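First the structure, in the form of structure tokens, and then the observations on it.
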Amino acid sequence: MPRPRLISSGGAFCLAMLLGLCVVFLLDPVPVQKARNAVFDQYQRLQPRAYQEVPVRVVDLDEESLKRIGQWPWPRTQVADMVQRLEQAGAAAVVFDVLFAEPDRTSPEQLLRGNLLPPTLATQLAALPDHDEQFAEVLKRSNVVLGFAAEQSPRDGGPPMSRFGLVQQGPSPLAFVPGFQGAARPLPQLEQAARGLGAMTFRPDADGVVRRVPLFVSLGGELRPSLVAEALRVAQRTGRYRIVSSEAGVQRVDIGRVQIPTAASGELWVYFTRPQASRSIPAWQVLDGSAPPVAGSIVLVGTSAQGLQDLRFSPLGGIIPGVEVHAQALEQVLTDTLLLRPGWATAVEGLALLLGGLILGLLGLYARALLSALLMLALVAVLNAAAWYGFVAHRMLLDLFTPSLGLLLVYGAASIVRHIAAEREQRWIQEAFSRYVSPNLVNHLVAHPEQLALGGQRQSCSFVFTDITGFTTMMERQKPEAAVSLLNDYLEQVIGIAFRHEGTLDRIVGDAVAIMFSAPIPQADHQRRALACALEINRFAQGYVAALAERGIAFGHTRIAVHSGEVVVGNFGGSVIFDYRALGDPVNTTSRLESLNGQVGTLLCVSSAIREHCPEVPMRPVGEVLLKGKAEAVAVFEPLEAMAVPMNDCDEDYEAAYHLLASRAPEALAAFEALAAQRPKDGLVAYHLQRLRSGEHGNRLVMASK
């Protein structure tokens, strides 16, 4: 297909995709809702509401209160006592986020129902007042709001009693507020005695998280306020609500002196704070008189006890008591720190998707790859920065992240169409890529395809070789499948570390890995990169071994060597397959140094060629090592970080003992014996001590094997 025709048909496909995404966005299915809610949750997690001292407190029926006073429900006389104490302490309103739907089981009347008591005791009990009646008498004299539970199934008796007047401005809000068919109500005598009745019910989102609190609900076609709304009304001693609505939904609810902008559903978006200990008062402290002052406060009574099952998922993560959701909603109303989700927000988000998609589609089809990618990132960044600014500066909930996902889809589709022709032209390069494994090598060959040829060149490189001790034994002791799974997981992490440091994977042989630096792209700091890579591999390997050991799985320690030198680097092989690698003495030396670890008791050895380029990394000398088959010794060092007991700055005691060893001083033996007693796990100290005890002296180490 000719390239212009391909782009033309691809452009039609991208436009159709964009229009489809706009339709899906406006239909607002559950996945879109979840994505939007996740964005709003992230806003709150990044910048939660700052807690301010306001007259809102929670009397918590917590585990300690249940332990001290007894299981819930408590006798209504005790609840009445708590209400009286709070009233005497000056509470503006006492609001119960608990339902008193059943008679008090400790009332005399309830105890007499079984007819199991002696007549004399039964007569005495019958003369005692009913607990619920006593509670009702206290409610009549107090500023108390009781809760009811709105339900989807109808119940006899209709909606709860109303204690309020209602002024409506605009269309009826019944079509917009959360709708329910029935309600579990308090006992009639309690309902009649309370100053207010509010719906305790939340409407969690699809993921179970409570993000909004209704101010009004519809019960069988009648409006009833929520617990939060009634708390504000009763605390202000006002008897009327005012609801402002339009064709788009509820706009605002006025309660006394407070004006509350709402979502179209008449719900208040809750702006959460981090947990605050000062917000709650244990119920037992109220009953024993040790509670802090609550004068002028709206006091909500609820529970954080797990057994009472009033726990909710919070946008900040974790679980909080349901009563705290009510409390936080009241706090933000009183401090005027309300979250706003304007009615025009969805239109703005949809317009951003449509216009942004058109722009990015054209860029993806016709602009150069780098330019289009930069403009795409800039557009997405600007949109999301604007949304974040709206939240930070104006507490406005705008979701421009979810439309951004649609923009990325459109841009991705356009880019794919734009570059299909180019990919066909470069098919031969892609086939050559399959012969390589390292990302930096692939990127280099994309930029320099002329280097896809046999041959090599001299280049100074650094090498990191790793091997696992006892891997063959581990393979014999475990099922092959399990051992291979562990090895694959290990190799994936090691190779990932190498790639993060921009190393090139030279080869994998069983459990051994060879990594080179400064090839194919020269790296001026290849010695530093190699050492940093080796140290990170060592940290990972030790953690991996420890994690497996906790699971009862034995996994060998990783031995690592780092060396540097001039080698020949290039493509070796034939026309069937290329093998990109380095050849030369430094490669062999690195391999021997890796084996040296097992003989001298270290896990990480580096040569002087590495050490002299990394003077800032603390190391201690291993010795002047004459490797088998070599004519000249190599100065070898161990980074302090890789010691059995890591050190940060220096190892003065070892340095002093090593100096005695190097100078062949007789005191060397005693120095290393003292070190070995202090460090029974220091393998290098143990190695030198063994040499000294066997009669060897000096720091020249002659290796008899590879």
Side-chain angles (χ1 to χ4, degrees), residues 53-111 125 128-147 186-187 189-191 193-196 198 200 227 231 234-235 275-311 320-324 326-327 330:
E53 280 290 340
V54 291
V56 176
R57 290 293 180 270
V58 173
V59 170
D60 190 4
L61 307 173
D62 59 359
E63 300 285 359
E64 181 64 22
S65 296
L66 299 183
K67 181 179 178 182
R68 288 174 179 245
I69 299 171
Q71 69 178 16
W72 183 264
W74 294 340
R76 298 284 154 79
T77 52
Q78 204 158 26
V79 179
D81 179 38
M82 183 165 60
V83 171
Q84 289 178 309
R85 288 176 179 271
L86 292 171
E87 285 280 323
Q88 292 166 3
V94 179
V95 184
F96 281 92
D97 186 29
V98 292
L99 181 62
F100 299 106
E102 302 291 338
D104 185 355
R105 56 184 170 82
T106 65
S107 269
E109 180 181 350
Q110 299 298 317
L111 296 175
L125 282 175
L128 295 176
D130 181 76
H131 289 183
D132 289 314
E133 292 296 339
Q134 289 180 283
F135 186 31
E137 288 299 320
V138 171
L139 294 182
K140 291 176 182 178
R141 303 190 301 269
S142 306
N143 233 25
V144 174
V145 177
L146 297 183
L187 294 172
Q189 64 266 44
L190 302 182
E191 183 176 321
R195 296 284 174 86
M200 302 182 294
L227 203 66
V234 172
Q276 298 291 330
S278 61
R279 179 183 287 130
S280 296
I281 303 169
W284 65 266
Q285 290 186 0
V286 176
L287 290 171
D288 73 3
S290 63
V294 295
S297 297
I298 299 175
V299 179
L300 297 106
V301 181
T303 179
S304 65
Q306 291 187 359
L308 298 184
Q309 299 180 343
D310 186 27
L311 301 176
I320 62 174
V323 67
E324 185 176 326
H326 295 299
L330 289 168

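Predicted, not measured: the structure shown is a model, and the values here were computed from it.
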Could you state the interatomic distance from [atom1] ([X]) to [atom2] ([Y]), rounded to the nearest 0.5 Å?
X	Y	atom1	atom2	result
D288	S65	CG	OG	9.5 Å
L86	L287	CG	CG	8.5 Å
S297	R57	OG	CZ	5.5 Å
Q276	E53	CD	CD	8.5 Å
R141	E137	CZ	CD	6.5 Å

Check: [X] side chain, [Y] main-chain N or O, donor-acceptor pair, under 3.5 Å:
X	Y	value
S142	V144	no
R105	P73	yes
D104	R76	yes
E87	N143	yes
T303	L308	no
R195	V234	no

Closest heavy-atom contact between [X] and [Y]?
X	Y	result
A327	V56	O-CG1, 3.8 Å
L227	G147	CD1-CA, 3.8 Å
L139	A194	CB-N, 4.4 Å
V299	A91	CG2-CB, 3.8 Å
Q285	I281	OE1-CG2, 4.0 Å
L146	E191	CD1-N, 4.4 Å

Which class fits the ring pair F96 and F135: parallel under 30°, tilted 30 to 60°, perpendicular over 60°?
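Plane angle over 60°, so perpendicular.
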Sub-4.5 Å side-chain heavy-atom contact between [X] and [Y]:
X	Y	answer
F100	V79	yes
L300	L330	yes
V95	I298	yes
L61	V98	yes
D97	D310	yes

Tell me whether E64 at atom CD has more than 12 heavy atoms from other residues, nucleotides or ligands lying less than 6.0 Å away.
yes
Counting neighbours of CD on Q306 that are heavy atoms of other residues, nucleotides or ligands and sit closer than 6.0 Å, is the number greater than 12?
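Counting neighbours around CD of Q306, 12 or fewer heavy atoms of other residues, nucleotides or ligands fall under 6.0 Å, so no.
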Does this structure show an ion pair linking K67 with E63, if we count only N-O contacts that are shorter than 4.0 Å?
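A salt bridge is absent here (no side-chain N lies under 4.0 Å from a carboxylate O).
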For D62 and S304, test the side chains for any donor-to-acceptor distance below 3.5 angstrom and give the result as yes or no.
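There is no such pair (donor and acceptor under 3.5 Å, judged by atom type) between the side chains of D62 and S304.
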The test is side chain to side chain contact (heavy atoms under 4.5 Å, CB included); show your working for D132 and L187 and say whether it passes.
CA-CA 9 Å; D132 289 314; L187 294 172; 3.6 Å; yes
